[in-house]
Protein chains: 2
Amino acid sequence: MPRYNIVPNAVPRVDREGGVSPCAACPIREIAVCGALQSDELGALAEILDGIAVEAGSAIFYEGDPARHVFNVTTGAVRLSRLLPDGRRQITGFLFPGDFLGLAYDETYTYTAEPIERSALCRFPRASFETLLDGHPRMERRLLGLASNELATAQDQMVLLGRKTAREKLASFLITLSRRAERRGQGANPVHVPMTRTDIADYLGLTIETVSRTFTALRKAGLIEQLPDHAVRLTDSEDLLAIAGD
Amino acid sequence: MPRYNIVPNAVPRVDREGGVSPCAACPIREIAVCGALQSDELGALAEILDGIAVEAGSAIFYEGDPARHVFNVTTGAVRLSRLLPDGRRQITGFLFPGDFLGLAYDETYTYTAEPIERSALCRFPRASFETLLDGHPRMERRLLGLASNELATAQDQMVLLGRKTAREKLASFLITLSRRAERRGQGANPVHVPMTRTDIADYLGLTIETVSRTFTALRKAGLIEQLPDHAVRLTDSEDLLAIAGD
DNA sequence: CGATATCTTGAGGAATCTCAATACTAGTGG
DNA sequence: CCACTAGTATTGAGATTCCTCAAGATATCG
């Protein structure tokens with residue numbers, strides 16, 4: 001049973017025959033791995049790609065599934081998580097448009113990937129993707145850089161989880177979200193926080209109650225404002241940054 | 001001021017002229033990135049490599065240093081760590097013979113690398129190493145696999161830091177150490193734990209007192225024995241594994 | 001507009017931390 | 001070879017942060 005639907009038109013396929021790749025018009029290409037390719041190479045990408053659309057509540061893949069594809073998020077937001085046998089969950093990351101997903105040394109995924117809102121992704125069969133890499137060393141190098149980057153981000157998160165207080169964790173989280181939105185060219189200050197308290201808690205190694213109380217504390221301290229529609233204004237980014245600790 | 005001494009003979013250089021690479025005799029080559037090269041390609045590796053020796057108490061590089069080299073641990077053990085402005089420390093990993101070190105997307109290292117005991121490493125100038133990768137795609141692919149692996153390990157550690165109890169953290173730690181020793185072909189059961197309580201605490205997101213108390217608790221529960229010389233016998237690996245949670 | 005999920009707030013409890021004293025270990029010099 | 005020292009580890013008692021359990025408030029969606 002498929003975990004999502006393949007939606008051919010999630011990515012425009014026009015002109016594939018004519019030699020113009022849908023990727024050429026992709027708004028996030030430059031910030032994604034695909035940006036490593038020249039325009040005349042994009043056809044090769046489009047040839048192995050399927051556009052998929054996923055709704056919140058479904059899954060892209062589960063921990064333990066055979067790792068048959070790699071993905072690129074084009075719209076929406078995705079959470080990556082792992083479970084302990086008794087159900088405790090740790091979210092290891094949130095992905096946004098442009099982010100790459102599915103690198104696996106193993107033959108199976110080591111984490112679950114689920115959209116937290118309606119999202120679209122480009123899906124590449126892993127084998128074809130690897131063949132593509134063989135012919136495009138620039139792209140492979142980019143992927144390596146990307147992995148290094150993710151590794152550095154993972155280390156940030158370890159510092160957060162192992163050594164920061166609840167207040168520091170939430171401050172870091174909000175600032176990081178804001179920075180990432182900025183890099184994608186979206187509004188960085190009232191920052192959009194699409195995830196639930198449960199997701200934030202499982203990401204920061206806290207309970208939902210502590211997350212809620214800490215939001216209240218930051219608000220009462222005049223550091224943030226909670227706006228409608230899951231938006232948060234960073235009233236005092238400087239202080240917030242000082243609290244976040246790096 | 002150099003942070004360590006270059007010790008030409010830390011890696012045997014005999015026969016470089018004669019075309020036989022010191023790497024050919026390297027006992028950890030197969031488990032390291034270098035294993036991706038054929039024997040007739042090893043000369044290229046040796047040409048750009050320096051052997052370095054470092055003592056506990058020194059550093060290989062610090063967070064923020066320009067990332068001019070990449071390394072491979074050949075003997076000993078190395079800790080990677082990051083600091084918060086107020087001095088709180090998080091150790092993000094321990095490296096053992098065969099482990100690769102120094103991947104950096106940035107121009108500077110994002111973490112500090114220090115030996116926790118007398119160690120030897122192969123050091124490669126980053127630029128030369130990247131040039132080498134250009135000519136040896138198999139090695140680059142291996143490096144990518146390695147990075148994926150590290151990413152999965154980092155996720156394990158996030159689960160540990162965010163969602164495990166002190167008892168579970170220590171059990172996981174001991175089992176992981178044991179497994180890694182085994183993969184290197186060393187004794188897996190009385191497992192050698194070369195790091196101090198402080199290092200273990202900073203790795204597991206605990207205090208040294210809690211680490212110490214938890215060691216005592218595991219010992220009293222009959223799960224481990226503490227032997228002389230920083231060795232720990234896993235008396236009941238099965239139960240320990242169940243406690244570790246994955 | 002009701003139903004359901006999500007979020008907030010409160011009170012009490014538990015795990016871990018802090019501070020402090022003592023014990024152990026390894027290395028050094030007599 | 002032993003005594004001394006400095007670093008490292010253990011143990012205890014009390015403090016603190018965060019968690020658990022529970023109730024009420026708010027938001028979301030059909």
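The basis for the numbers below is simple: all heavy atoms, side chains too, and nothing from hydrogens, waters or symmetry mates. Each chain gets a letter, A, B and so on, in the order the sequences are listed, and its residues count up from 1.
- Ring geometry for A:F61 against A:Y111 counts as tilted: the plane angle lies between 30° and 60°, on a 0 to 90° scale.
- In this structure a side-chain-to-backbone donor-acceptor pair under 3.5 Å is missing from A:S212 to A:T210.
- Taking atom CD1 on A:I224 and atom C1' on C:dT8, their separation rounds to 14 Å, with Å as the unit.
- Contacts of B:G57 with the nucleic acid, taken as non-hydrogen atoms under 4.0 Å apart, are absent.
- For the pair B:R68 and B:Y109, the cation-pi criterion (under 6.0 Å, within 45° of the ring axis) is not fulfilled.
- Between B:S172 and the options B:Q157, B:R167, B:K164, a side-chain hydrogen bond (donor to acceptor under 3.5 Å, both in side chains) holds for only B:K164.
- The rotation axes computed at either terminus of the helix from C:dC1-D:dG30 to C:dG30-D:dC1 lie 50° apart, taking five pairs at each end and rounding to 10 degrees.
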Checklist entry - Quick one: what's the B/S/- string for nucleotides 6-12 of chain D, heavy-atom cutoff under 4.0 Å, read 5' to 3'? => result ---SBBB
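- Atom CD in A:E117 sits roughly 12 Å away from atom P in D:dC29 (whole-Å rounding).
- For the pair A:R180 and A:F96, the NZ or CZ position fails the cation-pi test of under 6.0 Å to the six-membered ring centre and within 45 degrees of the ring normal.
- As rounded to whole Å, 13 Å separates atom C1' of C:dA15 from atom CZ of A:R88.
- Taking the six-membered ring for Trp and the full ring otherwise, the centers of A:Y203 and A:F94 sit less than 6.0 Å from each other.
- When only modelled atom types and interatomic distance are considered, B:R219 and B:Q226 share a side-chain donor-acceptor pair under 3.5 Å.
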Next on the checklist: Before you tell me yes or no, could you show the steps for A:E168 and B:R88 under salt bridge (charged side-chain N to carboxylate O under 4.0 Å, His left out), namely the whole-Å CA-CA distance, both residues' side-chain angles and the distance that decides it to 0.1 Å?
Outcome noted: CA-CA 13 Å; A:E168 292 167 342; B:R88 277 174 290 173; 2.8 Å; yes
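- For the pair A:E55 CD and D:dT28 P, the computed distance is 18 Å after rounding to whole Å.
- B:S178 contributes no side-chain N or O that, together with a main-chain N or O of B:L174, makes up a donor-acceptor pair within less than 3.5 Å.
- Computed from coordinates, the A:L170 CG to C:dT8 C1' distance equals 14 Å when rounded to whole Å.
- Across the protein-nucleic acid pair, B:R163 atom CZ and D:dC18 atom C1' stand 11 Å apart, rounded to whole Å.
- Both A:K164 and A:D229 lie close to DNA chain D; mapped to their nearest nucleotides by heavy-atom distance, the more 5′-ward contact belongs to A:K164.
- Here C:dC17 presents its P atom at 10 Å from CG of B:L204, a figure rounded to the nearest Å.
- In this structure, CG of B:L206 is placed 15 Å from C1' of D:dC18, rounded to the nearest angstrom.
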